[in-house]
Visitor: 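The structure is given below, and queries will be raised subsequently.
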Amino acid sequence: MLESVSAAIPSKGVLRGPVVYSESEVSPEPPASIVIFGASGDLTARKLVPSLYDLCRRGYLNPRSAIVGAARRAKTTESFRQELHEAVKAQSPQFDETHWARFVERLHYQPIEFGTPEHYQDLAQELSRLEAERGLTGDRIFYLATAPRYYAQIVERLDAAGLARPQVEARWARVVFEKPFGYDLDSAHALNESVSRHLDESQVFRIDHYLGKDTVQNIMAFRLGNGIFEPLFNRRYVDHVQITAAEDIGVESGRGGYYDEAGALRDVFQNHLLQLLCLVAMEPPSVIGAKEVRDEKAKVLSAIRALGPVDTWAVRGQYGPGEANGEPVPGYRQEERVAEDSQTETFVAARLQVENWRWAGVPFFLRTGKRMPSKSTRIVVVFKRPPAQYFRTVTCVGDVCSLSPPAPNALVFDIQPNEGVHLYLWVKRPGMNMDVHQVDMSFRYDEAFPGKLPDAYERLLVDVMRGDQTLFARSDEIERAWAIVSPALSHWAGTEASFPNYAAGTWGPEAADRLFPAGSGWLNEGV
Ligand code: BG6
């Protein structure tokens, strides 16, 4: 019989043994007041409240927990509830009115000007009132889903109003920061400094929603739970690693203003891609705990080197007009709220080295882009070929045929879509000759675990309620990741690019292929 076991999680310094886990044993997480700053925004309607609703429906949200939307717009609790009713209905495939009725009575609205100290006193009073009414103990989560320029001010004001420190020693106050955390190394450092004046690092939860994806956590489970692969994850056996986060969408409506300031390097590469790299490359931690895992990731980040001038290891791109799903689509510069001579990159590819004992000499190729042919986030670990070449594949172009060694073995983590893991191997093709054929040994989530995977935000919100920081970026990780991309940020800011340089619906500029040595390249599908 197959069974599931959970990781041995250190609890107050004691190791709990593996326990059998079953989804039917869901118990509500600790109750808390959850305050969402920026509650009129898109993230609240698209992700945060639908995730909280789903957690409520599935029994994870404590029945006593209250959710307070805090934003500048004048609205009432009633109108806030009505707006979210529509939003959650649109987002949640399992929406039903009975669960909504149970959920909605927790939702409240509190208008707030982020810079006005008295408004934080009003918020404090409202929280005390709700907590008394709902029998809450005063544990609080402040979720900052505002524009990042308000983060430092909100934290400072929360502290001044006595909201950032737990009221009683045993109680807690936690602050969640949406991405992006900083605009570059200096601003990230300044934000970390100002946050640390008001909050202890144990109170700080910096979101990287990729870490909330089951398939991303599976990288750790796969490496640490199977003795057969971990010994191969090093320079002796691995030729190179490819990490791709491709999107078929362009800049979604309303996001042009943000994106044109950010670009692909800041938006996805500095956070999501480098976090994926860390999970593939890190040493096994002594236990799966917040300190241990984050220490190992930080070590990987500090070992990352980009060798040589920026143009030799990084490539930027911007899409021009092209096609998406067979339909013509405009170029980036024609998108809403994008400058018509924009120099912002919508594609980045880079070759990085992890210069440590395990990975020295193994290149890591990373790329992300908008308006590529399909949505596909995948990690391909390409192994070295056998030392002796017994087999050859024949490739013919017209009448001219050439022989080449068969493709190397590869382990593919399909993060999304078609979530799963594939191991590509060669086997003998049945018949009278000693011919080999490539096969795919695969695990697919939809076959092994039918049903929808939880949204990344659901998992991360539960972890904030539990106080588990394992899947959140620590201050040093954030700064190290910014330091890695800094040379490219400054070089590109100072040199004009000839954009657009790839058509919408293609795999990015050709220059991205030249990051590879001759004979290898990006593996877009299969291997
Ligand atoms: C976000 C970026 O962090 O990640 C978006 O800001 C991007 O630009 C998104 O589209 C991709 O996330 P996912 O989960 O769809 O791969």
Side-chain angles (χ1 to χ4, degrees), residues 38 41-48 50-51 54 91 143-148 151 176-183 188 205-219 243-277 279 316-319 324 329 332 335-338 342 344-348 366-379 413-420 445 452-461 471-473 477-478 481-482 485 504 508:
D42 179 56
L43 186 76
T44 305
R46 227 169 17 89
K47 288 284 179 198
L48 302 181
S51 297
D54 252 11
Q91 293 296 329
Y143 197 118
L144 309 194
T146 64
Y151 290 172
V176 187
F177 294 82
E178 250 309 320
K179 199 208 100 195
F181 195 92
Y183 184 74
F205 292 72
R206 297 176 193 80
I207 290 259
D208 183 309
H209 82 278
Y210 263 55
L211 295 178
K213 291 177 191 279
D214 260 297
T215 48
V216 171
Q217 292 154 40
N218 184 48
I219 301 167
I243 304 180
T244 297
E247 295 186 88
D248 51 353
I249 54 170
V251 178
E252 297 147 298
S253 72
R255 284 196 93 215
Y258 152 76
Y259 195 87
D260 211 33
E261 290 282 304
L265 193 59
R266 291 188 172 91
D267 187 46
V268 170
F269 191 101
Q270 181 271 345
N271 37 73
H272 307 328
L273 286 194
L274 289 179
Q275 285 291 336
L276 293 179
L277 188 160
L279 293 174
R316 58 179 160 164
Q318 186 194 80
Y319 64 85
V329 290
Y332 176 69
E335 302 277 14
E336 218 180 287
R337 297 176 63 202
V338 167
S342 173
T344 300
E345 78 285 353
T346 59
F347 172 96
V348 182
L366 282 67
R367 70 178 164 167
T368 182
K370 301 258 184 215
R371 281 282 186 239
M372 301 188 77
S374 54
K375 168 105 181 153
S376 164
T377 303
R378 69 196 309 240
I379 299 169
F413 294 89
D414 270 324
I415 304 296
Q416 61 189 21
N418 307 320
E419 292 80 1
Y445 274 81
K452 181 181 160 290
L453 289 171
D455 187 89
Y457 277 92
E458 291 178 32
R459 167 63 196 253
L460 296 175
L461 284 163
L471 302 177
F472 296 83
E477 284 179 73
I478 293 274
W482 277 118
V485 300

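First listed ligand is number 1; within each ligand, the first listed atom is number 1. Keep in mind that the numbers below use all heavy atoms, side chains included, and drop hydrogens, waters and symmetry copies.
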Visitor: Quick check with a 6.0 Å cut-off and a 45 degree axis cone: is R367 positioned over the face of F347's six-membered ring?
Guide: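 Cation-pi check for R367 and F347: fails.
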Visitor: Is the shortest distance from a Lys or Arg side-chain nitrogen in D42 or K47 to a carboxylate oxygen in the other one below 4.0 Å?
Guide: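 K47 and D42: not salt-bridged.
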Visitor: Would you say the side-chain atoms of T346 pair up with the backbone N or O of Y319, donor to acceptor, closer than 3.5 Å?
Guide: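 Pair found, side chain donor or acceptor close to backbone of Y319.
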Visitor: Mark up the atoms of ligand 1 that fall under 4.0 Å of a heavy atom belonging to Y210, in ascending order.
Guide: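 Listed by number with element: 12 (O), 13 (P), 14 (O), 16 (O).
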Visitor: Taking side-chain contact (heavy atoms from CB on, under 4.5 Å) as the definition, give me every residue that meets it alongside Q275, ordered by chain and number, with sequence neighbours left out.
Guide: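 Partners of Q275 by the side-chain contact (heavy atoms from CB on, under 4.5 Å) criterion, ordered by chain and then number, come out as D208, L211, K297, A473, E477.
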Visitor: Which atoms of ligand 1 are found less than 4.0 Å from any heavy atom of K179?
Guide: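 Atoms satisfying the 4.0 Å criterion: 1 (C), 2 (C), 3 (O), 6 (O).
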Visitor: Should one rank E247, K375, K213 by closest heavy-atom distance to atom 14 (O) of ligand 1, which comes out on top?
Guide: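 Result: the heavy atom closest to atom 14 (O) of ligand 1 is in K213.
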Visitor: Quick one: sort the H272 and Y210 rings into parallel, tilted or perpendicular, breaks at 30° and 60°.
Guide: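 Plane angle under 30°, so parallel.
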Visitor: Using a plain distance cutoff, I'd like to know if K370 has any nitrogen or oxygen under 3.5 Å from a nitrogen or oxygen of ligand 1.
Guide: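 Yes; the residue has a nitrogen or oxygen that sits under 3.5 Å from a nitrogen or oxygen of the ligand.
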Visitor: Specify the protein heavy atom at minimum distance from atom 12 (O) of ligand 1: its residue, its atom name, and the distance to 0.1 Å.
Guide: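 In this structure, atom 12 (O) of ligand 1 has H209 NE2, 3.2 Å as its nearest protein heavy atom.
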Visitor: For ligand 1, find out whether one of its N or O atoms is nearer than 3.5 Å to an N or O atom of Q416.
Guide: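 Yes, Q416 has an N/O under 3.5 Å of an N/O on ligand 1.
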Visitor: Taking side chain to side chain donor-acceptor pair (under 3.5 Å) as the test, write out the residues that go with Y151, two or more places apart.
Guide: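 Checked Y151 against side chain to side chain donor-acceptor pair (under 3.5 Å); zero matches.
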Visitor: Between the side chains of R378 and D414, is the shortest nitrogen-to-carboxylate-oxygen separation below 4.0 Å, so that they form an ion pair?
Guide: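 R378 and D414: salt-bridged.
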Visitor: In the protein, what heavy atom is nearest to atom 5 (C) of ligand 1, and what distance, to one decimal place, separates them?
Guide: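 So the nearest neighbour among protein heavy atoms is R255 NH1, 3.3 Å.
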Visitor: Can you find an N/O atom of D267 closer than 3.5 Å to an N/O atom of ligand 1?
Guide: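 It does: an N or O of D267 is found under 3.5 Å from an N or O of ligand 1.
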Visitor: Please could you name the atoms of ligand 1 that H272 approaches to less than 4.0 Å, counting only its heavy atoms?
Guide: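 Selected atoms, number and element: 1 (C), 3 (O), 4 (O).
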